[in-house]
K.L.:
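Take this structure, written in structure tokens, and hold onto it; I'll ask about it next.
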Amino acid sequence: MAKHIYVIRHCEAKGQSSAASLTEQGFHQAEVLAEFFADKKIDRIIISPFLRAIQSIEPLSTRRNINIEIDERLSERILSTRNLPDWYEKLQATFTDMDLKFDSGESSNEAMERIVNVVEESFNSESEHTIIVSHGNIITLLLKNYNSDVDFQFWAELRNPDVFRLSVEDHEVTLERIWEENKTAN
């Protein structure tokens, strides 16, 4: 029996803080996302505690009457605890050296491990169809775990929202992007 996990990058947000809300366009995207999943079987929803992740999935959760489970391990990766003016270059470097860390931040391997644990626990649960809502950097690391071709450029090309399906059958995991760009058009 195949199990599926839909990995969703949150909708467009007003900022990067954990309290950043969705933009007006982001709220529209959340409604479109709920429509996209209207005919798909969903047993469980697990999300980051960040407000933008919660707001991205609330319309679907409400329509389908599925409780949201918040999991801290789905929080965005902490690159550093201080402001890095050259954060883009530093982030890129962490895709080359997966153990590189900056000022109390997480290495790519550390962040990858925590999100992979959530996914593996989901694959081993009773749920056959799970949604996970998280953030661009940590989602990229998750997908890299299952496909070594995923890299910094992949992260740079992610959209808000973006949806991937991880499927496992006979211990083989497949990865597919399933969101269509035009689904978010006004």
K.L.:
If you define the side chain from C-beta out and look only at heavy atoms, does anything of R82 sit under 4.5 Å from L84?
P.N.:
yes
K.L.:
In this structure, is the centre-to-centre distance between the rings of F164 and F154 below 6.0 Å?
P.N.:
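Yes.
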K.L.:
Tell me the closest heavy-atom pair linking I138 and L74, and the distance in Å.
P.N.:
CG2-O, 4.3 Å
K.L.:
If you link I, L, V, M, F, W and Y whenever their side-chain heavy atoms are under 4.5 Å apart, who else ends up in the same group as F27?
P.N.:
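So far as hydrophobic clustering goes, F27 is joined with L22.
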K.L.:
Any side-chain heavy-atom pair from I8 and I139 closer than 4.5 angstrom?
P.N.:
no
K.L.:
Let's go through H28 and E12 carefully: what are the C-alpha distance in whole Å and the side-chain angles of both, what is the deciding distance for side-chain contact (heavy atoms from CB on, under 4.5 Å) to 0.1 Å, and is it a yes or a no?
P.N.:
CA-CA 9 Å; H28 171 72; E12 183 181 275; over 6 Å; no
K.L.:
Determine the minimum heavy-atom distance between P49 and E72, stating which atoms define it.
P.N.:
CG-OE1, 3.6 Å
K.L.:
For L51 and S18, what are the C-alpha separation, side-chain angles and deciding distance, and is it a side-chain contact (heavy atoms from CB on, under 4.5 Å)?
P.N.:
CA-CA 6 Å; L51 181 59; S18 61; over 6 Å; no
K.L.:
What's the shortest heavy-atom distance between E176 and R165, and which atoms?
P.N.:
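Distance-wise, the nearest heavy atoms are OE1-NH2, 2.6 Å.
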K.L.:
Do S75 and R114 come within less than 4.5 Å of each other through their side chains, counting heavy atoms only?
P.N.:
yes
K.L.:
V7 and W179: same hydrophobic cluster, using ILVMFWY side-chain contacts below 4.5 Å?
P.N.:
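No, it is not one cluster - the side chains of V7 and W179 are not joined through contacts under 4.5 Å.
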K.L.:
Please check if I178 and V173 belong to a single hydrophobic cluster, counting links between Ile, Leu, Val, Met, Phe, Trp and Tyr side chain heavy atoms closer than 4.5 Å.
P.N.:
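Different clusters: I178 never reaches V173 through Ile, Leu, Val, Met, Phe, Trp or Tyr contacts under 4.5 Å.
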K.L.:
Atom CG of N67 and atom CG of N65: how far apart are they, to the nearest 0.5 Å?
P.N.:
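Atom-to-atom, N67:CG and N65:CG are 7.0 Å apart.
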K.L.:
May I ask you to test the T140-F152 pair for a side-chain heavy-atom distance under 4.5 Å?
P.N.:
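Of all side-chain heavy-atom pairs linking F152 with T140, none is under 4.5 Å.
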K.L.:
Report yes or no: does D97 contribute a side-chain atom to a donor-acceptor pair with the main-chain N or O of D99 at less than 3.5 Å?
P.N.:
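Yes, because the side chain of D97 sits within donor-acceptor range (under 3.5 Å) of the backbone of D99.
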K.L.:
In terms of hydrophobic clustering (I, L, V, M, F, W, Y; side-chain heavy atoms under 4.5 Å; direct or indirect links), are I115 and I68 co-clustered?
P.N.:
no
K.L.:
Measuring only between side-chain heavy atoms, which start at C-beta, is I46 closer than 4.5 Å to T130?
P.N.:
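They are in side-chain contact.
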K.L.:
Among side-chain atoms of S48 and E76, is any donor-acceptor pair under 3.5 angstrom?
P.N.:
no
K.L.:
Which residue pairs pass the ring pair (Phe, Tyr, Trp, His ring centres under 6.0 Å) test with at least one member in residues 38-78, sequence neighbours excluded?
P.N.:
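Passing the test, one end in residues 38-78: F50-H135.
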K.L.:
Side chain to side chain contact (heavy atoms under 4.5 Å, CB included) with L142: which of V150, L166, V118?
P.N.:
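Going through V150, L166, V118 one by one, the side chain to side chain contact (heavy atoms under 4.5 Å, CB included) with L142 is satisfied by L166 alone.
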K.L.:
How close do Q55 and A30 get, heavy atom to heavy atom, and via which atoms?
P.N.:
O-CB, 3.7 Å
K.L.:
Hey, could you give me the CD1/CD1 distance between I66 and I45, rounded to the nearest 0.5 Å?
P.N.:
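With rounding to 0.5 Å, CD1 (I66) is 4.5 Å from CD1 (I45).
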K.L.:
Using the test ring-ring contact (aromatic ring centres under 6.0 Å, His included), find all partners of F123 that sit at least two apart in sequence or belong to another chain.
P.N.:
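Partners of F123 under the ring-ring contact (aromatic ring centres under 6.0 Å, His included) test: none.
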K.L.:
Do the side chains of L100 and F95 get nearer than 4.5 Å, heavy atoms only?
P.N.:
no
K.L.:
Applying salt bridge (Lys or Arg N to Asp or Glu O under 4.0 Å) as the test, list every pair that has at least one member in residues 14-39; sequence neighbours left out.
P.N.:
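As it turns out, the salt bridge (Lys or Arg N to Asp or Glu O under 4.0 Å) pairs with a partner in residues 14-39, which skip direct neighbours, are E31-R63, E35-R63.
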K.L.:
Please list all pairs passing the salt bridge (Lys or Arg N to Asp or Glu O under 4.0 Å) test where one or both residues lie in residues 119-144, with sequence neighbours left out.
P.N.:
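Residue pairs passing salt bridge (Lys or Arg N to Asp or Glu O under 4.0 Å), neighbours aside: R73-E121.
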K.L.:
Between V133 and S56, what is the shortest heavy-atom contact and its length?
P.N.:
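Taking V133 first and S56 second, the nearest heavy atoms are CG1-CB, 4.5 Å.
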K.L.:
Could you walk me through whether H129 and K40 satisfy the side-chain contact (heavy atoms from CB on, under 4.5 Å) test, starting with their C-alpha distance in whole Å, then the side-chain angles of each, then the deciding distance to 0.1 Å, before giving a yes or no?
P.N.:
CA-CA 9 Å; H129 300 86; K40 292 175 178 50; over 6 Å; no
K.L.:
Could you tell me whether the side chain of N145 reaches within less than 4.5 Å of the side chain of V119, counting heavy atoms only?
P.N.:
no
K.L.:
Strictly under 6.0 Å, is that where the ring centroids of Y6 and F36 end up?
P.N.:
no
K.L.:
Just so I know, are the side chains of H10 and P161 near enough to count as touching, which here means a heavy-atom distance under 4.5 Å?
P.N.:
no
K.L.:
Between atom CG of L141 and atom CG of N109, what is the distance when rounded to the nearest 0.5 Å?
P.N.:
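One gets 8.5 Å once the value is rounded to the nearest 0.5 Å.
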K.L.:
In sequence, state the C-alpha distance, the side-chain angles, and the governing distance for S107 and T94, and then conclude on side-chain contact (heavy atoms from CB on, under 4.5 Å).
P.N.:
CA-CA 7 Å; S107 71; T94 67; over 6 Å; no
K.L.:
Who passes side chain to side chain donor-acceptor pair (under 3.5 Å) against S167, sequence neighbours left out?
P.N.:
H4
K.L.:
Can V163 be reached from L143 by stepping across I, L, V, M, F, W or Y side chains whose heavy atoms are under 4.5 Å apart?
P.N.:
no
K.L.:
Could you pull out the closest heavy-atom pair between I132 and S122, with the gap in Å?
P.N.:
CD1-OG, 4.3 Å
K.L.:
Rounded to the nearest 0.5 Å, what separation is found between the CD atom of Q92 and the CH2 atom of W155?
P.N.:
9.0 Å
K.L.:
Mark yes when over 12 heavy atoms from residues, nucleotides or ligands other than E89 sit less than 6.0 Å from its CD; otherwise mark no.
P.N.:
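Yes, CD of E89 has more than 12 neighbouring heavy atoms, counting only those of other groups under 6.0 Å.
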K.L.:
Can we say E106 and R77 salt-bridge, meaning some charged N sits less than 4.0 Å from an Asp/Glu carboxylate O?
P.N.:
no
K.L.:
Charged N to carboxylate O under 4.0 angstrom, K101 versus E110?
P.N.:
yes
K.L.:
Once rounded to the nearest 0.5 Å, what's the spacing between atom NZ of K90 and atom CG of D86?
P.N.:
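Nearest 0.5 Å value for the NZ-CG distance: 3.5 Å.
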K.L.:
What about I78 and I70, same hydrophobic cluster or not, with Ile/Leu/Val/Met/Phe/Trp/Tyr joined at side-chain heavy-atom distances under 4.5 Å?
P.N.:
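No, it is not one cluster - the side chains of I78 and I70 are not joined through contacts under 4.5 Å.
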K.L.:
Nearest 0.5 Å please: distance from the CD1 atom of I57 over to the CD1 atom of I131.
P.N.:
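Rounded to the nearest 0.5 Å, the CD1-CD1 separation comes to 4.5 Å.
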